[in-house]
A.B. asks: 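Structure provided below as structure tokens; questions to follow.
So that the names make sense, note that chain A is the first sequence line, chain B the second, and so on, each numbered from 1.
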Amino acid sequence: MSHEFDDEDRPITFKRSSMSKSNELHSKRRKSTSHCHDGQSYKKTSDVLSSNGQCSSSQNGKVVPSAKATSVKCSVGISTASTSNLKTYTRFSSANSNSTNHLKEDKCENSEDEEDKIPLSVRMKMNNDNAKQATPNVSTLSVKRPLDKLDSLHSSGKKAKLSDLASSINAKQISAKSEPHAEEEEDDDDIPLSLVMNNLATSVNNKSFSLKKFTKVNKGAAPFVKEKEKLKKSEHFKSTKLLQSSGDGQKKWTTFVHNGIIFPPPYNPHGVKILYKGKPVTLTPEQEEVATWFADMWDTEYMQNEIFKNNFWNDWQKLLGKNHVIQNVKDCDFTPIYDWCQNEKDKKKQMSSAEKKALREEKMKQEEKYKWAIVDGVKEKVGNFRVEPPGLFRGRGKHPKTGHVKKRIGPNDVIINIGKDAPIPECPIPGASWKEIRHDNTCSWLAKWRDPTKAKSSKYVFLAASSSWNGQSDKEKYEKARMLKSYIGNIRAAYTKGFTSIDITKQQIAVATYFIDKLALRAGNEKDDEEADTVGCCTLKVENVMAEGHNKLKFDFLGKDSIKYENTVEVELPVYNAILKFQKDKCPGDALFDKLDTSILNAHLKELMPNLTAKVFRTFNASFTLDDKLNKETKDGDVAEKVVVYQHANKQVAIICNHQRSVSKSHSSQISKLSGKIDELQAVLKELKIDLDRARKGKPPLKCSGVKNQSNLNPEAIEKKIAQTSAKIEKMQRDMHTKEDLKTVALGTSKINYLDPRISVAWCKRNEVPIEKIFSKTLLEKFAWAMDVDPDFRF
DNA sequence: GGAAATACTTAGCAATATGTAG
DNA sequence: CTACATATTGCTAAGTATTTCC
């Protein structure tokens, strides 16, 4: 995917105004990493393409006799079905959001917008006045107290609003309504998503109930509400107020209650034998379990990955023991186990829907109590409450550890974080106990354990994306990115000046910042050699950037998830020259920016704007682009056409951020199917045209293809049919085109992580597009905090 | 001051749910 | 209703950035 970067694509036109040299760049030292030796470490570029770490499972492996058996060997669940004590919590404090709040909110948003027109220095003053400990001066100041972060990010209006509301937060109260089943059955099928969501996840206040009826009644008649007024009030845009962050330092909560986490069921041996040199071999359950993981991956790409296979074999051999009959994977035939796996899957598929449903409900019942936590009296959804099951580590790209056994996690690996007064979750494995119980209210995790594949890192259990904590920090993230908008001019001027600095560190900072701004590159932290060899901006190697003449730089490297970044860009002459200089006297494998790392870069960015870090540029670039494209490209038209505009804007963002996906294995067949249908229709169209001609001359249709031809005899009817058919053809052609167009572009990632939802919500309101056309149920939940944004909101 | 530890955010793909054509 | 296609959700790996430790 190579895309030119012309200036039209810039969020803000580059202006080259020379600016005062307000910023002295940090000149920190870096551990010298330049190692101009081993020529063998020069690899890449050619062998890189295939290593995308994709695992497409080709379906047509071995043929499996489909068994009739309906009984499913299913998980031996851990049934500690004690009543959830979460349910018993109820919050009585009344807190009703009423329309007044809405008005206030709108007003505030306006004032916020106004703010953008106010000169920077004045704004900063305003913010500072507001901050608890006002810092006397302006833009080059880095904020020392993280506590002030929120305050400094929010406009005065906003802040006032937040404190006003603080006492009457209606965010998410607990109510009896939170039982999903109760109501779902009769009602929810034909209720808009957002309502269902409200019933399920967040509890609902009185207002929503009345509105709910309103919406329901209206629904059948007019799916798209006509007047803006109605639209604004529509339940779909119902927002959840965020709690004000306590302002109390690091403290995140006062009370914190949850039920711990779920462990996967113990391994249930199947006894199917592997063939070694053609002879069946009996395995112990432990050996069999690992062999089964491997066998089940038989028809995936991992089987072409030598690292994967080697790592698997090494770990498996340890389990087998030195003197085991099995001395070699090559002589192992996993087919019997593979067949068994396929058979199990088939059995599952063959189950009647009633059985499936019963099974699902059983699971739901067991998991229900783990799904919720109560934070300061507010019920919140938990995210990943299921402990990751053991398996073979599926590291992406050329991960040196891919294929290793990822061991089973038990309670004694797990540290629980919970409120002091909350009951400690019952340990779900009899006889075991938690590794540690902690009451750390400076962090938001419920549980964590050592990552079994990476000694240095941990796995965490957090609240779900819909939680207020996450909503709050999401909002802060976007506010910070919006703040960058007013600093970006200065920042660009500063780094432009830095391009020619005689201080190499400063020069490298300038060029790196330019790349991050212009190309939306990631920061690029240092990685150790236990990980796949990927890079970001600060870790670019000399061979990743090629000067191609005419000021053109060709970028070619593997970024996060070993996704290839390939892009040729025309840069400014000083940048081009600087790159040539940085590459001089270096070997492939050496760091392009040898005087830089992310902490040096971020320390520098913080001098330019409070709390600025490299990743903010990506958020800024993405959100700005969406806002810009939407506002430039939206025209009158029906909802479908507007949604297309949105998707187009979304696509541009995805391209900027290099969000890729692998082409689905059925893509080409789907395309040819579509084009076949189009051909068919075109043949029909041709025939119709002839028939029309003949009908006008009073002749009978050429081909008596149908019985119902009588009605098609008159020219009007044929004309109508022609119109219908060609419309159908056009639609299919459009569909085919977009399908082809988007086959390698992932739109979801930016929508979830980079695009300020308020842009989308405001655009929907302005254009009378139902928000559900843009956000799925989970995204509506995640973005609840953004739903009441003013329609005039601009990023 | 630098490495390591920590906590949280971002990422693609697999599994599952839902929609739709036949 | 079934089968297939598409959309959504779940899963967990892989990043960023800050804090802590030595």
A.B. asks: For the rings on A:Trp298 and A:Phe312, is their centre-to-centre separation under 6.0 Å?
C.D. replies: no
A.B. asks: Return no unless some side-chain N or O of A:Ser662 is found under 4.0 Å from OP1 or OP2 of B:dC13.
C.D. replies: yes
A.B. asks: With a 4.0 Å cut-off on heavy atoms, is A:Ser666 in touch with a base, just the backbone sugar-phosphate, or nothing at all?
C.D. replies: nothing
A.B. asks: Is any side-chain N or O of A:Arg522 closer than 4.0 Å to OP1 or OP2 of C:dA17?
C.D. replies: no
A.B. asks: So what does A:Lys401 touch, heavy atoms closer than 4.0 Å: a base, only the sugar-phosphate, or nothing?
C.D. replies: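 No contact at all - A:Lys401 keeps every heavy atom at 4.0 Å or more from the nucleic acid.
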A.B. asks: 5'-most contact on DNA chain C: A:Asp451 or A:Ala614, nearest heavy atom basis?
C.D. replies: A:Asp451
A.B. asks: Establish, with yes or no, whether the OP1 or OP2 oxygen of B:dA15 is under 4.0 angstrom from a side-chain nitrogen or oxygen of A:Lys345.
C.D. replies: no
A.B. asks: Could you check whether A:Asp451 pairs with A:Lys456 (Lys NZ or Arg NE/NH1/NH2 to Asp/Glu carboxylate O, under 4.0 Å)?
C.D. replies: no
A.B. asks: Have a look at A:Lys456 and say if it touches a base, only the backbone sugar-phosphate, or nothing, with a 4.0 Å heavy-atom cut-off.
C.D. replies: base
A.B. asks: So what does A:Gly524 hit on the nucleic acid, given a heavy-atom distance under 4.0 Å: a base, only sugar-phosphate, or nothing?
C.D. replies: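 The answer is sugar-phosphate, as A:Gly524 gets under 4.0 Å only of primed atoms, P, OP1 or OP2.
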A.B. asks: Just call it for A:Lys751: base, sugar-phosphate, or nothing, with non-hydrogen atoms closer than 4.0 Å on any strand.
C.D. replies: nothing
A.B. asks: Could I get the full list of ring-ring contact (aromatic ring centres under 6.0 Å, His included) partners for A:Phe515, not counting sequence neighbours?
C.D. replies: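 Listed in chain order: A:Phe555.
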A.B. asks: Does a side-chain N or O from A:Arg450 land closer than 4.0 Å to OP1 or OP2 of B:dT6, or not?
C.D. replies: yes
A.B. asks: In whole angstrom, what separates A:Lys477's NZ from B:dT10's P?
C.D. replies: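 The distance from NZ of A:Lys477 to P of B:dT10 comes to 4 Å, rounded to the nearest Å.
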A.B. asks: For C:dT16, take OP1 and OP2 only and decide whether either is under 4.0 Å from a side-chain N or O of A:Asn525.
C.D. replies: yes
A.B. asks: Closest nucleotide of DNA chain C for A:Thr453 versus for A:Gly536: which of these residues is on the 5' side?
C.D. replies: A:Thr453
A.B. asks: With salt bridge (charged side-chain N to carboxylate O under 4.0 Å, His left out) as the criterion, how do A:Glu531 and A:Lys454 come out once you've worked through the C-alpha distance, each side chain's angles and the decisive distance to 0.1 Å?
C.D. replies: CA-CA 9 Å; A:Glu531 302 171 277; A:Lys454 274 164 262 166; over 6 Å; no
A.B. asks: Please classify the nucleic acid contact of A:Lys349 as base, sugar-phosphate, or nothing, using heavy-atom distances under 4.0 Å.
C.D. replies: nothing
A.B. asks: Considering every strand and a 4.0 Å limit on heavy-atom distances, what is the contact class for A:Lys739: base, sugar-phosphate, or nothing?
C.D. replies: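 Sugar-phosphate contact only - A:Lys739 comes under 4.0 Å of backbone atoms but never of a base.
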A.B. asks: Counting only side-chain nitrogens and oxygens, does A:Thr749 get under 4.0 Å of the OP1 or OP2 atom of B:dT10?
C.D. replies: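 Negative; the distance criterion is not met.
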A.B. asks: Please classify the nucleic acid contact of A:Ser458 as base, sugar-phosphate, or nothing, using heavy-atom distances under 4.0 Å.
C.D. replies: nothing
A.B. asks: Please state whether the base of B:dT10 and the side chain of A:Lys560 form at least one donor-acceptor pair under 3.5 Å?
C.D. replies: yes
A.B. asks: Within the structure shown, what part of the strands sits under 4.0 Å from A:Gln670 by heavy-atom distance: base, sugar-phosphate, or nothing?
C.D. replies: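 If one applies the 4.0 Å heavy-atom cut-off, A:Gln670 turns out to touch the sugar-phosphate alone, with no base involved.
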A.B. asks: Do the side-chain N or O atoms of A:Arg360 get closer than 4.0 angstrom to the phosphate oxygens (OP1, OP2) of B:dA17?
C.D. replies: yes
A.B. asks: Please report the distance, rounded to the nearest Å, between CG in A:Leu780 and C1' in C:dA7.
C.D. replies: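 Taking atom C1' of C:dA7 as the reference, CG of A:Leu780 is at 14 Å.
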A.B. asks: Does the pair A:Asp413/A:Arg408 count as a salt bridge with the N-to-O cut at 4.0 Å?
C.D. replies: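 A salt bridge is absent here (no side-chain N lies under 4.0 Å from a carboxylate O).
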A.B. asks: On DNA chain B, compare the nucleotides closest to A:Ala455 and A:Asn470; which residue's is nearer the 5' end?
C.D. replies: A:Ala455
A.B. asks: Quick one: label A:Phe393 by what it contacts on the DNA or RNA (base, sugar-phosphate, nothing), any heavy atom closer than 4.0 Å.
C.D. replies: sugar-phosphate
A.B. asks: What's the CG-P distance between A:Leu446 and B:dC8, to the nearest Å?
C.D. replies: 11 Å
A.B. asks: Sequence neighbours left out, what passes salt bridge (Lys or Arg N to Asp or Glu O under 4.0 Å) with A:Glu436? Give chain and number order.
C.D. replies: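 If we apply the salt bridge (Lys or Arg N to Asp or Glu O under 4.0 Å) test to A:Glu436, skipping adjacent residues, the hits are A:Arg438.
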